[in-house]
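For reference, the structure is listed below as structure tokens.
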There are 2 protein chains.
Amino acid sequence: MTIGQLSELTGVNIETIRYYEKIKLLPLPSRAANGRRVYGPSEGRVLAFVRRSRELGFSLDEIRALLRLSGPEKASCREVREIAAHHPDDIRAKIGDLCKLERLLSATVARCSGTTTAPECPVLDILDVQRAK
Amino acid sequence: MTIGQLSELTGVNIETIRYYEKIKLLPLPSRAANGRRVYGPSEGRVLAFVRRSRELGFSLDEIRALLRLSGPEKASCREVREIAAHHPDDIRAKIGDLCKLERLLSATVARCSGTTTAPECPVLDILDVQRAK
DNA sequence: CCTAGATCCTGTAGCGACTGCAGGATCAAG
DNA sequence: CTTGATCCTGCAGTCGCTACAGGATCTAGG
């Protein structure tokens with residue numbers, strides 16, 4: 001598989017694949033005689049794992065740790081749990097923040113007629129004056 | 001007011017204030033004889049505006065635009081509305097993503113006993129195999 | 001066989017929004 | 001007069017990419 005095909009298959013940008021290689025998230029792939037990278041199906045699976053983990057909000061460092069744990073068979077589920085466990089809390093907190101924010105912003109934009117001049121604009125008011133959470 | 005007091009007052013890091021100045025988000029402050037930055041209450045208000053806008057998810061470029069609109073009295077509310085209006089949608093989309101993610105992750109972590117070895121760990125499974133949204 | 005365009009290579013610089021540090025100057029309190 | 005806090009400038013680093021520049025090589029069509 002060429003890097004382009006791997007990119008196609010996993011939905012990960014070519015540049016990003018090379019970047020992952022550079023920061024040693026992915027192992028150095030073998031090379032064809034012409035110097036081009038050659039990938040097999042196992043590399044595809046690893047990269048898909050990385051992509052999926054990114055989508056779930058894990059950092060590249062955490063993914064590195066997860067890959068280490070999923071590789072050699074000796075790893076314990078508990079360690080995986082430790083990495084994964086704090087995420088739902090973070091996420092819930094973020095959701096809460098965003099919900100408050102969404103209510104405030106859309107209510108404010110709704111009150112904004114679009115006709116008055118800036119000094120009376122509710123959107124500017126809310127940024128300027130209002131301190132309510 | 002010194003930069004430290006301004007930082008205290010607004011909750012914006014000193015380094016960040018200087019950064020905002022460098023990228024011309026904030027105007028150059030006047031200086032005391034010893035070369036130190038001196039701020040008045042109006043600078044405090046502007047910086048608080050910036051902070052609040054950041055909390056609401058506006059980019060520094062958008063904030064620059066909002067400041068321009070809120071400054072000279074001629075600005076129209078409609079332009080403000082244009083900048084603000086697309087945010088609630090973005091935010092709602094983000095909330096939706098995060099909710100799905102939170103459900104998936106916490107259900108998975110719950111299923112993870114912490115006792116099995118890595119190959120059977122549900123957390124690793126979900127990253128590795130499962131493709132469901 | 002030749003050419004055009006696609007794909008690949010390395011290496012480096014840029015993004016946003018900061019954060020941190022080096023190395024020095026100056027201030028305020030005891 | 002000394003100590004420690006605060007300030008100054010300027011630059012490098014963070015994260016997770018993305019976008020070049022400038023070249024080499026592959027593949028398909030004529």
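Residue numbering restarts at 1 for every chain, and letters A, B, ... go by the order of the sequence lines.
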Heavy-atom side-chain contact between B:Leu9 and B:Met1 under 4.5 Å: yes
Interatomic distance, B:Leu26 CG vs C:dA17 P [rounded to whole Å]: 14 Å
Euclidean distance, atom OH of residue A:Tyr19 to atom P of C:dT12 [Å, nearest integer]: 16 Å
Check: A:Ser53 side chain, A:Phe49 main-chain N or O, donor-acceptor pair, under 3.5 Å: yes
pair A:Tyr39-A:Ile17: side-chain heavy atoms closer than 4.5 Å: yes
Separation of C:dC18 P from B:Asn13 CG (nearest whole Å): 10 Å
B:Leu47 CG to C:dA17 P, straight-line distance once rounded to whole Å: 15 Å
Donor-acceptor contact below 3.5 Å, side chain B:Arg92 vs main chain A:Glu102: no
Residue whose nearest DNA chain D nucleotide is more 5′ - A:Arg18 or B:Arg18: B:Arg18
Short side-chain N/O contact to C:dT19 OP1/OP2 from B:Thr16, under 4.0 Å: yes
Touch class at under 4.0 angstrom, heavy-atom based, for A:Asp61 against every strand present: nothing
Rounded distance in Å - CD (A:Glu15) to C1' (C:dA13): 13 Å
A:Arg68 backbone acceptor or donor facing A:Arg64 side chain under 3.5 Å: no
Under-4.0 Å side-chain N/O to phosphate OP1/OP2 contact, B:Asn34 with C:dA25: no
Rounded interatomic separation in angstrom, taking CZ from B:Phe58 and C1' from C:dA17: 17 Å
Whichever of A:Lys22 and A:Arg36 has its nearest DNA chain C nucleotide further upstream toward 5': A:Arg36
Touch class at under 4.0 angstrom, heavy-atom based, for B:Ile23 against every strand present: nothing
Crowding at CD, A:Glu55 (>12 non-hydrogen neighbours, <6.0 Å): yes
Length of the line joining A:Ile14:CD1 and C:dT7:C1', which is rounded to integer Å: 8 Å
Chain B contact limits on DNA chain D, taken 5' to 3' with a cut-off of 4.0 angstrom to heavy atoms: D:dT6 to D:dT9
Polar side-chain atom of B:Ser7 near backbone of B:Ile3 as donor-acceptor pair, under 3.5 Å: no
Among C:dA17, C:dA25, C:dC9, the one nearest A:Arg31 by side-chain distance: C:dC9
